[in-house]
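Data first, discussion second: the structure below is written as structure tokens.
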There are 2 protein chains.
Amino acid sequence: MNPQRRLRLFATVSHRLFRDGLLFQILHNEDIELVGESETGVETLQRLAAVRPGVLLIEENLKDNDGLTIAENALSLHPALSVLLISDTPVNSSRMAIYLESGIKAVVSKQQSIQELIKTLFYIRSGQVYLGNWQSTRDRADDALTAYQALSGREREVARLMSQRVAVRDIAEELGVSCKTVHSYKDRIFVKLGFERLPELILFMQRHHQRALP
Amino acid sequence: MNPQRRLRLFATVSHRLFRDGLLFQILHNEDIELVGESETGVETLQRLAAVRPGVLLIEENLKDNDGLTIAENALSLHPALSVLLISDTPVNSSRMAIYLESGIKAVVSKQQSIQELIKTLFYIRSGQVYLGNWQSTRDRADDALTAYQALSGREREVARLMSQRVAVRDIAEELGVSCKTVHSYKDRIFVKLGFERLPELILFMQRHHQRALP
DNA sequence: CTGCATTTGTAGGATTTTCCTACAAAACGA
DNA sequence: TCGTTTTGTAGGAAAATCCTACAAATGCAG
């Protein structure tokens, strides 16, 4: 991606604690440039013109306003803006129709993963509408299970040890292979699961483990 | 920290999107072990006995229940548990008194930073009560400004370039110093600001810049 | 059931990053 | 003005990341 094509993001999320968590993850992505953030609808509208984002990520329920209303206002001023709305609950198709009507490009619910959110940001960045991933929580759990099953024996072993924060050199010793090999497993695991950093794997393994027990 | 002293964390946060964001950050910390998570109060109470966390991180407003009530229940069953409540709004001293009354060890608001939350987790992990950081948002903005001013000229330059994702070797070239030197600046910047990863710096610089303009 | 394609186990090399240490010159504080 | 910090600079060791490679095992299609 050349620098011109960097996704210019503006994020409107009420609570700093959560906004930071989201942004820290999002900003690991080199192709995303944060051009502004805000906690309220009014401030968002005020600042859009100055920073000219390509994508607006906005929570549905803001302290001062309805995110949808703000999005509509923003769109009337900046028609080229792609808006991704974060809704409190999963969307059904009739709600979705209303959203699309207002010019919103996609919706993610607060029950989805950050990875899905980021994927969606990219889908809509060039103005495409994105109606993806309305699967139920159950389906997503199955996805995770499937992903786990895609790991080979050795990979699972390494994933398990890594998620317990065993150091690479100790894993290598434990399995009787070289550190290089362990790194190779690590790379493959991360590619297969679409992860980039250890905490993602830890959380994944924790969840998988939890589901595997009962 | 020896493994025995790892902070065993259980996290109850309603929305996966935000829970993941928080946990990804929290789990960068080697001394924290996630032993369980949940979205609801009832499930939390059900699972505590099995996983025996040392610290319970719980949102005040859950879908099914009041986090405070759940915390009280949890504490009556597991008196050694340290509870950190995430409140929607900043706490004042009278609210704080009520919380302490129920045996909660600390409260953070959703306007605070993740770093403050993590610091608080450690403060309370051995059963200490923690009544810190009730500063207003304004004060915290000042903190950030002060932190920025603590950077030396060279450090600011490097911080600026890094936050624009300029590669270390290009920064080195730009400043006419060796990569090693740039790494040294990076290290110092991160130590001074208490950061661990680039996204934190990017967000910090973005905010600083924003504040610096008007 | 057999031959081609993919996955798995294994690891090396190049480059970068991290972590720690060092040290002289400048700035600061008492 | 003299000792203490801070700043600018960088080196070494160890680890991580990003590629590439390749033989053996597995799996699938005809």
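Chain letters run A, B, ... following the sequence lines, proteins first, then strands; residues in each count from 1. This structure is a prediction, so every number in the text was calculated from the model and none was measured.
- Atom pair B:E30:CD and C:dC19:P shows a separation of 10 Å (rounding to whole Å applied).
- In this structure, the salt bridge (charged side-chain N to carboxylate O under 4.0 Å, His left out) partners of A:E37, at least two apart in sequence or on a different chain, are A:R19, B:R207.
- Residue B:R188 places none of its side-chain N or O atoms closer than 4.0 Å to OP1 or OP2 of D:dT7.
- The shortest distance between the side-chain N/O atoms of A:K192 and the OP1/OP2 oxygens of C:dT8 is below 4.0 Å.
- For A:S184, counting side-chain heavy atoms from C-beta on, the closest listed nucleotide (C:dG12, C:dA22, D:dA13) is C:dG12.
- As a whole-Å value, the separation of A:R156 CZ from C:dG9 C1' is 15 Å.
- For C:dG13, neither phosphate oxygen OP1 nor OP2 lies less than 4.0 angstrom from any side-chain nitrogen or oxygen of A:K180.
- Put simply, CD on B:E155 is 9 Å from C1' on D:dG8, counting in whole angstrom units.
- Close to C:dT18, at under 4.0 Å from its OP1 or OP2, lies a side-chain N or O of B:K186.
- Atom CG in B:D187 sits about 12 Å away from atom C1' in D:dA10, given to the nearest Å.
- Between B:S178 and the phosphate of D:dT9, there is no side-chain N or O to OP1/OP2 separation shorter than 4.0 Å.
- A cation-pi arrangement is not found for A:K192 relative to A:F190, the charged atom failing to lie both closer than 6.0 Å to the ring centre and inside a 45° cone about the ring normal.
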